[in-house]
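Contents: one structure, followed by commentary.
Given the structure is predicted, the values throughout are model-derived calculations rather than measurements. Just so you know, these numbers use all the heavy atoms, side chains as well, and skip hydrogens, waters and symmetry mates. So you know, we letter chains A, B, ... as the sequences are listed, proteins then strands, and number each from 1.
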Amino acid sequence: MKISGKVVVYNHDNVSTDQIIPGQYGYIQDMKEMAEHALEGADRTLRDRLRTVGSIFVAGNNFGCGSSREFAVIVLIESGVKAVVVKSAARIWYRNAVNLGLPVLFCPTLPDSIAEGAEVEIDLEKGTVLNVTTGAVHQGEPPSEFIIGMYKEGGIKPLMRKKALERSQKKERAGD
Amino acid sequence: MTATAMHAVHKILAAAAGRDHVRPGEIVTARVDLAGINDVYLIAVRSFREMLGTKVWDPGKVYIFLDHNTPASDLKVAEAQKAFREFAGEQGCHLIEINEGIGHNLLPERGLARPGSVIVITDSHTPIHGAYGAFATGLGATDIAAVLIDGSTWFRVPDVVNVRLTGKPGAGIMAKDAALCILGRLGTDFGAYRVIEFSGPVVEALSMEERTVLTVMATEMGAKSAFIKPDRTTIDDVKGHTNEPFTVHETDPGFRYAAEYEFDLTGLKPQVALPHSVDNVRNVEDVEGIQIDQVFVGSCTGGKSRDIEAVAKALAGKKVASGTRLVVTMATRETVRQAIRKGHYQILLDAGASITSPGCGACSGLLGGIVAAHEKCLSTANRNFPGRMGGSVEAEVYLASPLTAAATAVAGKLTSPERP
Ligand code: SF4
C-alpha cells in the first residue's frame, strides 16, 4: 500500500484526544460538523492547513493519548487526512485508526527532519517514508501483517459486513 | 521442550482464546466476559448497525453506562441518552441509569470485576479492573460494536512490566501519591502496549479501593491494562459481592518481566501533578501556596467512599476558604448512601461544599464544575491535559490525593495535608 501527499507538521509529543477533539463536542452527531473543531485544542490553524497544505499529518511521540474517543480518528479522516506519521502513538487511538482504516506509520526520524508542505511517499508494507522533495528515505516500523490486512479491507466495518453477509448466505444455503 | 513461563494475564488471554499457551507479540482472538459502552459513544450503536448487527451476542454481558453526563446537561445529550435507552430496551441488555454513578465503580459493587475475566469498555480507564485480577482494557466505539456482534475481539498479547512498591509510607500518604510518584519518575508512556503489574508489600496492605487508584492511573502511564495478583483481600471482596465462580490464574515461576521497577515509599511526601501533564510531578510542599479557585473531589479515581471519608474527616468543623469553591461528586449511589449514613455528607455541606449527583461530573469536563480560562483547579481525578475540565485549554488542573484536596480547600491555596 502506497500513499502520497504533502505533509502538515505538528511535531509535539503527547497530543491528547482532548486536544484533537475537545470533550464538549462529543455529542455532535454530524461528523462533518464535529470535524470543524478538529485539533482545536492543539493549534487552531491546523484544521485549515489540512484543507490547504496537505493530507499527511505528522506528529511526535504518544500521539492520541488520553480518552478512548474514536472521534479523535474520525475528525482527522473527515478533515481529509489520508495517513498519519508519528514517532509513536497511544494504543487506543492507534487501534481506532486501524479499525477505521486510517493508515498510521511509526517513524521516529521523520517528524524532526521534515518541513511543512514537503511531498512524501509512504510505503506501508516496507514501513518507509520517502521525502520526495529531498530524496531522503526514512525507515519506520512496518505494521504487522494482521494490521496491513485490516487496512486492505478498509477497516473493521467492511470486514464485519462481509462476515455478516457470509453468515446470512450460509443460513440461506442451510435450507428453509 | 518446555513452554515458556506465562504471566497470569497471559493465562487469562489464553483461556479466553481457547488455547493452552500464548506468547507476547502474537495476535489472538479472545472471547469477552463483559462489554460496556458509556453515554459519550452513541456512535457504537451506529457502528453496530453499519456492520449489519441485529442482536447483541449475549445481552446479559452487555452494559450501557449513562454516567459521563448525568443528568443530561443539554438537548444533544438528552437525545443521545434516549437513543441508548431505546437500544437497551430493544436488545434486552443492561442499562445503568443516570442515578447510579460511575460504571467503573459499579462493577466491583456488583461483583462484576472478577479475577480471570476479560472486560472491554469504551473508556480508557478500563484497566482499573486489573485491581481485581481481570484483564480489562479500553476499546474504541467501533471496536466495541464488533464485540457486541461477535462476543470476541483481537488482542496483541502484551508484555508485562512489574512495579514493586516497598517501604513504609507515612500518615497522610495515599495510593494517589504513590501513583503520581511513579508517573513523575517513569513518565506517561512507559506502560505503552504493555500490562503494568503492581506488587510488593505496600500493594498487599492496601484496601481494594486504594488498589484501584493504582490500576486506574496505569492508564496515565500509557498501559494497555493493569494487574494486581488476587489475594485474600481480593477474594473476600469479590465473594462479598457475588456468588458467580471465577478463576485465579497464577504467574509461572521464572516468568520474565519486560522491565522491573522498585519504589521505596518510606519518607514519600504528598505529591501533586502540575498543569498540563500527569508526569509534571512535585512534592506538594515544594509548590505550596498556589492560589486555587476550585477543588474537585470526585471521579472513579478520587470520589470513592474512602476518598469521601478522608475528605470529610479532614474537613470536620472547618470551612472551605472564601474565594475557593469545593465541588464534590461521589462515585456511585452507594457512595452517597454511605456518606449519609456515616455523617460525611453533613460535614461536607457544613464545610461549604457543592455536592452534585453521583457520576463522572467535572472529571470529563462535560458538566458539574467546569473551570473557566486561567482558573486553577485542584482535582482528585486522573488527568490534567489542556481542556480536560471543560472548554478552556487555558484552565489549569492540578492533580493530588483527597487528603491534599481537603487541606487545600480549607487553606484556599495548595497545601500539604496535616501531619499528625
Ligand atoms: S470519572 Fe473521569 S476518568 Fe473515570 S470514567 Fe468518568 S470521565 Fe473517565
Inset, instruction - Could you tell me which of B/Asp143, B/Thr122, B/Leu366, B/Asp123 has the largest number of non-hydrogen atom pairs under 4.5 Å with chain A? - result: B/Asp143

Inset, instruction - Name the region of B/Ile121, side chain, backbone, both or neither, that has any atom closer than 4.5 Å to a heavy atom of chain A. - result: neither

Legend entry - Interatomic distance, A/Ser67 atom OG to B/Asn38 atom CG [nearest 0.5 angstrom]: 9.0 Å

Legend entry - Polar side chain donor-acceptor pair, A/Arg95 to B/Thr153, under 3.5 angstrom: yes

Legend entry - Between B/Ala80, B/Ala146, B/Ala192, the one whose heavy-atom pairs under 4.5 Å with chain A are most numerous: B/Ala146

Legend entry - Most contacts with chain B, counted as non-hydrogen pairs under 4.5 angstrom, among A/Phe71, A/Tyr94, A/Tyr27: A/Tyr27

Inset, instruction - Look only at the side chain of A/Arg161 and the backbone of B/Leu52, and say whether a donor-acceptor pair between them is shorter than 3.5 Å. - result: no

Legend entry - Where B/Tyr193 and A/Ala89 come nearest, the two heavy atoms and their spacing: OH-O, 3.0 Å

Legend entry - Distance-minimising heavy-atom pair for A/Gly66 and B/Ser124: O-CB, 3.4 Å

Legend entry - Test side-chain contact (heavy atoms from CB on, under 4.5 Å) applied to B/Asp150 and A/Lys163, step by step: CA-CA 10 Å; B/Asp150 276 354; A/Lys163 270 209 227 169; 2.7 Å; yes

Inset, instruction - Please check if atom NZ in B/Lys55 has more than 12 non-hydrogen atoms from other residues, nucleotides or ligands closer than 6.0 Å. - result: yes

Legend entry - Interface moiety of A/Gln29 toward chain B, non-hydrogen atoms closer than 4.5 Å: both

Legend entry - Contact class of A/Asp13 relative to chain B, heavy atoms under 4.5 angstrom: neither

Legend entry - Which portion of B/Phe155 sits near chain A, non-hydrogen atoms under 4.5 angstrom: both

Legend entry - Check: B/Gly138 main-chain N/O paired with A/Arg91 side-chain donor or acceptor under 3.5 Å: yes

Legend entry - Contact origin within B/Asp39 toward chain A - heavy atom pairs under 4.5 Å: both

Legend entry - Most contacts with chain B, counted as non-hydrogen pairs under 4.5 angstrom, among A/Val98, A/Asn96, A/Leu165: A/Asn96

Legend entry - Largest heavy-atom contact set with chain B, pairs under 4.5 Å, which of A/Ile156, A/Ile74, A/Asn61: A/Ile156

Legend entry - For chain A, the option from B/Thr126, B/Leu42, B/Thr219, B/Thr137 that forms the most heavy-atom pairs under 4.5 Å: B/Thr137

Inset, instruction - Quick one: closest heavy-atom pair of B/Lys76 and A/Glu33, and the distance? - result: NZ-OE2, 4.1 Å

Legend entry - Per-residue contact mode, B/Arg46 against chain A (heavy atom under 4.5 angstrom): side chain

Legend entry - Minimum heavy-atom distance between B/Thr142 and A/Leu100, given as atom pair plus value: OG1-CD2, 3.8 Å

Legend entry - More than 12 heavy atoms from other groups under 6.0 Å of CZ on B/Arg23: no

Legend entry - Atom group of A/Arg167 that falls short of 4.5 Å from chain B, counting heavy atoms: side chain

Inset, instruction - Look at A/Asp18 together with B/Arg383 and state whether they make a salt bridge at an N to O cut-off of under 4.0 Å. - result: no

Inset, instruction - Using a cut-off of under 4.5 Å on heavy-atom pairs, state which of A/Ser16, A/Gly26, A/Ala164 scores highest against chain B. - result: A/Ser16

Legend entry - Point-to-point distance, once rounded to the nearest 0.5 Å, from CG of A/Asn14 to NE2 of B/His276: 13.5 Å

Legend entry - Step-by-step side-chain contact (heavy atoms from CB on, under 4.5 Å) determination, B/Ile370 to A/Gln24: CA-CA 11 Å; B/Ile370 289 169; A/Gln24 83 257 32; over 6 Å; no

Inset, instruction - Check each atom of A/Ser144 against the heavy atoms of chain B and say whether the ones under 4.5 Å are side chain, backbone, both or neither. - result: side chain

